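In what follows, every chain begins at residue 1, and chains take the letters A, B, ... in the order their sequences are listed. Since the model is a prediction, treat every value here as computed from it, not as a measurement.
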Amino acid sequence: MPQNFTENPSALIEATFNQIHAEQMVGLPFINERLRVSAVGFTLFEGDWLGVLLTPWALNLMLLPGPDRHWQAFTVGEKIGLKLPSNDYTFIVGEHQALGQYLACSVRSPVKDIPGQKAGLQLAGDLSRLMTALPAVNVTEVDESRRRLLGGMMKQSAL
Amino acid sequence: MDAFDALEQHGVTRRTFMKFCAGLAATMGISHASAAQTVADALTKKTRPPVIWIGAQECTGCTESLLRSTHPTIENLILDMISLEYHEVLSAAAGHQVEANKHRAIEQYHGQYVLVVDGSIPVKDGGIYCMVAGKPIIDHIKEAAEGAAAIIAIGSCSSWGGVASIGVNPTDARSLQDILPGKTVVNIPGCPPNPHNFLATVAHLLTYNKLPALDDKNRPKFAYGRLIHEHCERRPHFDAGRFATEFGDDGHRQGYCLYKLGCKGPETYGNCSTLEFCDVGGGIWPVGIGHPCIGCNEKDVGFSKGIHQLANVTLARPPEMLPEVNKAVGNDGSAGAAALLGGIGGLLAGVSLMTVRELSRAQTRETSSSVPSSIRTLEEDS
């Protein structure tokens, strides 16, 4: 099982999930036959490969270990909160022989209502851009936690 | 004596209470840093909402799930948070006395109390199949609903009819909303529902003085906003096409996806895959122990579909959380994608947060000084 990926893993992800589609998912009622497996927008983010995986059965945010990265050992099914620029998301640890361990965050499943591959690709592309985009910050919301308060005091005293 | 002293007298430490409040805040989807304190402040106010709890055609499972929690402090918290003025099962009084108590409570707290109903309401033959104090239960409920500040249907029976309404429905069992047209009824379905969803709803009422946001079936969005399938710990197996096909087969033993055994997770809305079952903990919920979800939350799924029957994947109802997307998924470009992302953002209760960098062992050690210490758990936050 691979530990990490020096090269962009998009092609391997697509091959793996195409094989899953052909071998495990044939005839299952949740499959949207208008969609094809596509790994969209995978690029290095903080050292790991972050992108969106569109399959005829699910639309997931997905993260795989990048070059020279050695993830902690996780349990399949374990939930991990990840801080991305746009928000925090709950990912679930997954595993496949061809891919090793990866993290996936379900955007939508089943995906019967995505009208076609073109719409699916556009949606996946938009998601991949938006998830790493900085959100517009609501400056009026005050963080009243003690930690923040103490942090603020320390900053003040340092000035 | 302040509220914390009172809690400690009941064996609830300040720390336990704050943890509980943090959990409630997380259940409600409140994520700002002082969420636990906000909830704690509201819950320790001197005024506790009077609650009138009426059981119709019910099995007492909903009451049991609230009061026989695994953690011995939870039931104390419930009874400290609310003032249970009337509850047939829990009442010390009996007969005319308990009926008189109820009428007194209805008058004394007119316009202030929360009415909770568990069980479906039979309407056939004038409602004679569920009689209390010589009167059909439907009359008791209608009477109590008049002066209620908020009305909650707890459990699948009062939310949509439940077990008693299935098949020939011999008593013409109805939901609470059916017999109270025009009134806002908050539905908390489940058989039984997780008590935290009831408590979080009450806590929301106390904290914000209004009901939480509801979906088109009047269920709190914080609890019923997503499919059980979406946060299921067996989800990676679904994604990778690994299914159990028979109880006890190799896949079943390895914890594979239960879809082919009839799991209704892909058509059932709820937070069971994150809160688990009632207050048991330790991975205990139907799917967690190897049984497919039976869809008890959902009308036309729970009790009406065979446990072995495959889940429908074309839902009659579009998920309420993602309104823009359902009109045209993907066609609308970023608006649809932004709505989707907005719907899935945020952390589940009990999930620790880290940055992508921190996933890596070696990296974490090497760069620990430059990495902000953002690993935190909700527990620590409290």
Side-chain angles (χ1 to χ4, degrees), chain A residues 20-21 23-25 28-30 45-48 50 55 57-58 60 63 65 69-72 76-84 86-90 92-96 103-110 112-115 118-123 126-127 130-131 141 143-145 147-148, chain B residues 31-34 37 227 229-243 255 259-260 266 274 310-315 318 322 325-326 328-331 333-334 336-338 340-348 350-357 359-364 374 381:
Chain A
I20 291 169
H21 188 195
E23 291 177 2
Q24 311 295 338
M25 300 293 197
L28 292 181
F30 54 77
F45 173 79
E46 293 186 2
D48 291 326
L50 180 66
T55 66
W57 56 95
N60 291 339
L63 188 81
R69 297 266 292 155
H70 299 278
W71 282 4
Q72 310 165 35
V76 175
E78 193 179 333
K79 287 167 191 168
I80 291 169
L82 275 190
K83 214 174 182 42
L84 298 184
S86 59
N87 204 342
D88 304 333
Y89 300 95
T90 303
I92 303 183
V93 177
E95 196 174 68
H96 191 278
L103 298 181
C105 169
S106 174
V107 178
R108 199 154 176 77
S109 173
K112 280 282 218 188
D113 54 352
I114 297 182
K118 196 178 159 216
L121 284 178
Q122 192 191 336
L123 183 60
D126 288 343
L127 285 168
L130 281 170
M131 66 179 161
E141 197 173 314
D143 182 354
E144 294 164 330
S145 71
R147 190 171 294 161
R148 175 62 188 244
Chain B
S31 59
H32 63 81
S34 54
Q37 191 60 51
L227 291 169
H229 169 65
E230 307 257 26
H231 286 305
C232 181
E233 68 250 25
R234 294 181 187 234
R235 177 57 189 276
H237 296 300
F238 171 88
D239 283 345
R242 296 186 291 256
F243 299 101
Y259 171 80
K260 289 186 176 174
T274 62
L310 289 187
N312 259 346
V313 287
T314 36
L315 289 156
L322 316 168
V325 172
N326 290 303
V329 175
N331 288 347
S334 292
L340 271 174
L341 263 191
I344 63 166
L347 285 189
L348 301 173
V351 172
S352 51
L353 180 69
M354 50 178 85
T355 62
V356 171
R357 270 192 206 94
L359 290 170
S360 191
R361 261 170 308 177
Q363 201 82 0
T364 308
S374 55
D381 243 21

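Here NZ of A/K83 is found 9.0 Å from OG1 of B/T355. Values are rounded to the nearest 0.5 Å. Rounded to the nearest 0.5 angstrom, A/Q24 CD and B/H237 NE2 are separated by 13.0 Å. For the atom pair CE (A/M25) and CG (B/D239), the distance works out to 7.5 Å, reported to the nearest 0.5 Å. The structure places CZ of B/R357 at 8.5 Å from CZ of A/R69, a figure rounded to the nearest 0.5 Å.
Looking at A/L50, there are no atoms closer than 4.5 Å to chain B (heavy atoms on both sides), in backbone or side chain. For A/S109, the parts lying under 4.5 angstrom from a heavy atom of chain B are both the backbone and the side chain. Of the atoms belonging to A/L84, it is side-chain heavy atoms, and not backbone ones, that fall under 4.5 Å from chain B. If you measure heavy-atom distances from A/M131 to chain B, the contacts under 4.5 Å come from both the backbone and the side chain. Heavy atoms of A/L63 lying under 4.5 Å from chain B belong exclusively to its side chain. In this structure, the portions of B/L341 lying under 4.5 Å from any heavy atom of chain A include both its backbone and its side chain.
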Exercise for the section: Report the C-alpha separation of B/L359 and A/L103 in whole Å, then their side-chain angles, then the decisive distance to 0.1 Å, and conclude whether the side-chain contact (heavy atoms from CB on, under 4.5 Å) test is met. Expected result: CA-CA 10 Å; B/L359 290 170; A/L103 298 181; 3.8 Å; yes
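A/I92 and B/P236 make their closest contact through CG2-CG, 3.6 Å (heavy atoms, listed as atom of the first residue, atom of the second, distance). The two residues B/I344 and A/S106 come nearest to each other via the heavy atoms CG2-O, 3.7 Å. Between B/H231 and A/K79 the shortest heavy-atom distance is O-NZ, 2.7 Å.
Using cut-offs of 30° and 60° for the angle between ring planes, the A/F30 and B/F238 rings count as tilted.
Checked against side-chain hydrogen bond (donor to acceptor under 3.5 Å, both in side chains), B/E233 has the following partners two or more places apart in sequence or in another chain: B/W285. Residues meeting the side-chain hydrogen bond (donor to acceptor under 3.5 Å, both in side chains) test with A/W71, sequence neighbours left out: A/D48.
Ranking A/V76, A/T55, A/I80 against chain B, the residue ahead of the rest is A/I80, based on heavy-atom pairs under 4.5 Å. Note on A/L121, A/L82, A/V93: by heavy-atom pairs under 4.5 Å with chain B, the leading option is A/L82.
Within the 4.5 Å cutoff, side-chain heavy atoms of B/Y259 are placed close to those of A/P29.
The backbone N or O of A/C105 lies less than 3.5 Å from no partner atom in the side chain of B/R235, so there is not a single donor-acceptor pair.
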